[in-house]
Engineer: 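One structure is given below, represented as structure tokens, and several questions about it will come after.
Since we're looking at a predicted model, the values are computed, not measured.
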Amino acid sequence: MNATSTQHPKVVVIGAGSLFFGRQSIWQMVHSPYLNQGTLALVDTDEERLSKMVKLAEMVAKENNVSLKIEGSVDRRQVLPGADFVVLSFAEESVKYRGIDCQISLKYGIRMCSGDTIGPGGIFRAMRELPVIMECAKDIEELCPDAWVINYINPSTVHGIALHRYAPKLKSFALCDSHHMPHKKAYYAVRAGIIGDNSQFTEEINQKFDFRIAGVNHFTWLLKAEYEGTNVMPTIAEAMRKMAGDENNGGDRGAKALYNDAISYELYDIFGIIPTCTAHTKEYVRYWQGLGKTADAIPPLSIWETEDRYERHDEMWRQVDDFLAGNIPIADYMSTFGPDHATDIIENMVGSLGKKFFINTLNQGAVTNMNNDSFLELLCDVDMDGAKPLHVGEMPRGIRGMQEIVLDTHELTVEAVLEQSYEKLRRAMLTDPLVSSISDADKIIHELLELERKMIPDVWYKDRLQYS
């Protein structure tokens, strides 16, 4: 990145219609003095949605009197030249196909509350998304080879591994928004009784609070929590145990939200450490699959709710429409949204701000008893030279073994998709921790290939005999 780029960075968002990121990216690009003299280029294959997001970004920039340039295109190749950062944040018809993944898996006794990173849902989401990601990588390598490529698409580990191994000339890392700093650390400081609420989190407390999180994305664990040398892990766990009694009396009733505090405490009680992404982690372990002969205190996982998700997305688009129509004043935009993990990191890199963030990247010795090339979510120093993981220590036995199974599943998924190997697809499915039957695995593969043919490359269908 040269001096001009530092002053006028260009950020390309491929998948601008992905509202969970698109709206926040507009907020951050307008808000940040390190970014708001640059360019925000929005890409989406849906012309109507792209037009709305471009207009929204232009309105927000104008309202806040910043010189941010807004570009938009349905063809990413038109806006990639000159990019300093390319954020991949697309998922075509994700709600529909995640619903299919979850329902077919349920038919064969596999319960998924999210269905986008582990289990058949994670494998088949990669089948749909990863080929497109690698097409993007080819275009980036040709048109803006010095740009940082940030994958924001689940399964984050699968796609991060693929970019690292199959597009090694590109500078890339992967993200997940579940460990956005400093909010994540403040969250645990509250539960440890160090502060009363997030607003009280200061740099002094940050320095005194030694907390270490590591693991495969969505299967991460709080391995250490000490404040001024005192272990506060039991205090955090006890806070979650107490919260568990009230967590289902209100708030989010979605499958990913149910019983999370109770499950967090139960896993702490077993392993002595706390899961930090329980909404997903509960899907990675087999305990709440409903396979036991006796009933557990916590019921089996609820299934990802397709229709409710459609409604959530519709509500988000109605909000965008209201901003565009003036039903909600555009002046309210900056108080409605806030910073996003990806654009926070981009700001940090451009501005050389020296902040630490959780990145999905190579272990490089941070977790001392896992391979250096294990692709883990780790707290990192991150600048224009990349992410440098900070020391963590050992991953406890039991959890480490499960981490390796998850990594093997993800790595086999990468190889299956990019080598177009049915043999490795089947092997990935039968390595996955949620799959317990060979026959069921074969039937799931067969049915999902049939139902998702629109989204999966034609090469998988050339020889029909292999799927019979």
Side-chain angles (χ1 to χ4, degrees), residues 9 11-16 18-29 32 35 40 43 83-91 94 114 116-118 122 125-126 129-130 132-133 136-137 140 147-164 167 170-185 213-220 276-277 279-281 337-350 353 355-364 366 374-390 410 414:
V11 178
V12 177
V13 178
I14 301 181
S18 174
L19 290 175
F20 290 96
F21 174 63
R23 295 172 304 170
Q24 282 89 338
S25 69
I26 293 171
W27 186 95
Q28 188 88 334
M29 292 293 293
S32 172
L35 304 178
L40 174 62
V43 179
D84 300 296
F85 299 89
V86 182
V87 182
L88 306 178
S89 181
F90 55 81
S94 177
S114 180
D116 65 346
T117 46
I118 200 69
R125 182 161 186 182
E129 314 290 6
L130 183 50
V132 185
I133 288 172
C136 290
I140 294 166
W148 274 100
V149 183
I150 302 175
N151 175 70
Y152 220 179
I153 306 168
N154 283 326
S156 189
T157 302
V158 172
H159 298 151
I161 290 170
L163 285 166
H164 172 72
L170 293 179
K171 301 179 295 187
S172 69
F173 55 82
L175 294 182
C176 176
D177 62 2
S178 63
H179 289 92
H180 191 185
M181 288 286 279
H183 317 291
K184 193 70 174 183
K185 196 168 188 178
I213 289 173
V216 184
N217 175 241
H218 287 168
F219 197 46
T220 46
T276 62
C277 192
H280 285 280
T281 293
F337 298 101
D340 172 83
H341 191 42
T343 40
D344 254 359
I345 291 170
I346 292 171
E347 178 191 53
N348 178 73
M349 294 172 76
V350 171
L353 303 183
K355 298 178 182 180
K356 296 173 173 55
F357 291 95
F358 281 96
I359 305 283
N360 287 286
T361 188
L362 299 179
N363 178 32
Q364 301 178 54
S374 295
F375 209 85
L376 303 177
E377 189 159 9
L378 300 162
L379 189 63
C380 298
D381 288 319
V382 56
D383 55 27
M384 290 306 298
D385 292 324
K388 301 170 185 64
L390 304 177
H410 288 338
V414 172

Engineer: Verify side-chain contact (heavy atoms from CB on, under 4.5 Å) between Val43 and Val13, making sure each step is shown before the conclusion.
Structural biologist: CA-CA 6 Å; Val43 179; Val13 178; over 6 Å; no
Engineer: Give the minimum heavy-atom separation between His218 and Cys277, together with the two atoms involved.
Structural biologist: CD2-SG, 3.7 Å
Engineer: Check the pair Asp381 / Phe357 against side-chain contact (heavy atoms from CB on, under 4.5 Å), numbers first and verdict last.
Structural biologist: CA-CA 7 Å; Asp381 288 319; Phe357 291 95; over 6 Å; no
Engineer: If you take all heavy atoms of Ala342 and Tyr152, which pair is closest and at what distance?
Structural biologist: CB-CE1, 3.6 Å
Engineer: Check whether any side-chain heavy atom of Asn151 lies under 4.5 Å from a side-chain heavy atom of Ser156, and answer yes or no.
Structural biologist: yes
Engineer: Between atom CD1 of Ile346 and atom OG of Ser32, what is the distance when rounded to the nearest 0.5 Å?
Structural biologist: 10.0 Å
Engineer: Is Val12 close to Val87 at the side-chain level, that is, under 4.5 Å between some pair of heavy atoms?
Structural biologist: no
Engineer: Would you check if the side chain of His159 reaches a backbone N or O of Ala126 as a donor-acceptor pair within less than 3.5 Å?
Structural biologist: no
Engineer: Do you know the tightest heavy-atom contact between Pro389 and Cys380?
Structural biologist: CA-SG, 3.7 Å
Engineer: Under a 3.5 Å threshold, yes or no: a donor from one side chain and an acceptor from the other, between Glu377 and Asn217?
Structural biologist: yes
Engineer: Would you find a donor on one side and an acceptor on the other, under 3.5 Å apart, between the side chain of Thr220 and the backbone of Thr276?
Structural biologist: no
Engineer: For a side chain to side chain contact (heavy atoms under 4.5 Å, CB included) with Phe173, tell me which candidate from Leu362, Leu163, Ile150 qualifies.
Structural biologist: Ile150
Engineer: Please check: side-chain N/O of Lys355 versus main-chain N/O of Pro182, any donor-acceptor pairing under 3.5 Å?
Structural biologist: no
Engineer: Does a side-chain heavy-atom distance below 4.5 Å link Leu88 with Val149?
Structural biologist: yes
Engineer: If you measure only the distance, is there a donor-acceptor pair under 3.5 Å linking the side chains of Thr343 and Ser25?
Structural biologist: no
Engineer: Check the side chains of Ser172 and His164 for a donor-acceptor pair under 3.5 angstrom, ignoring hydrogens and angles.
Structural biologist: no
Engineer: Any non-hydrogen side-chain atom of Asp340 less than 4.5 Å from a side-chain atom of Gln28?
Structural biologist: no
Engineer: Would you mind checking if Asp383 and Lys388 are paired as a salt bridge, meaning a charged N to carboxylate O distance below 4.0 Å?
Structural biologist: yes
Engineer: Quick one: pull up NZ in Lys356 and CG in Leu378 and give me the separation to the nearest 0.5 Å.
Structural biologist: 14.0 Å
Engineer: List the atom of His341, the atom of Phe358, and the distance in Å for their closest heavy-atom pair.
Structural biologist: NE2-O, 3.0 Å
Engineer: For residues Ser89 and Phe21, report the shortest heavy-atom separation together with the two atoms involved.
Structural biologist: OG-CB, 3.6 Å
Engineer: Between Phe375 and Asn363, is the side-chain contact (heavy atoms from CB on, under 4.5 Å) condition met? List the steps.
Structural biologist: CA-CA 6 Å; Phe375 209 85; Asn363 178 32; over 6 Å; no
Engineer: Tell me whether Asp116 is salt-bridged to Arg125, with the criterion being a basic N under 4.0 Å from an acidic carboxylate O.
Structural biologist: yes
Engineer: Looking at Gln24, Met349, His180, which hits side chain to side chain contact (heavy atoms under 4.5 Å, CB included) with Asp344?
Structural biologist: His180
Engineer: Rounded to the nearest 0.5 Å, what separates atom NZ in Lys184 from atom CG in Leu379?
Structural biologist: 13.0 Å
Engineer: Should Thr361 and Leu376 count as side-chain neighbours, where that means a heavy-atom distance under 4.5 Å?
Structural biologist: no
Engineer: Would you say the side chain of Val11 lies within less than 4.5 Å of the side chain of Asp84, judging by non-hydrogen atoms?
Structural biologist: no
Engineer: Flag the pair Thr157 / Pro155 as yes when at least one side-chain heavy-atom distance between them is below 4.5 Å, and no otherwise.
Structural biologist: no
Engineer: Give me the atom names and distance for the closest heavy-atom approach of Ala83 to Ala147.
Structural biologist: O-CB, 3.4 Å
Engineer: Answer yes or no: is there a donor N or O on one side and an acceptor on the other, between the side chain of Trp148 and the main chain of Lys171, under 3.5 Å?
Structural biologist: no
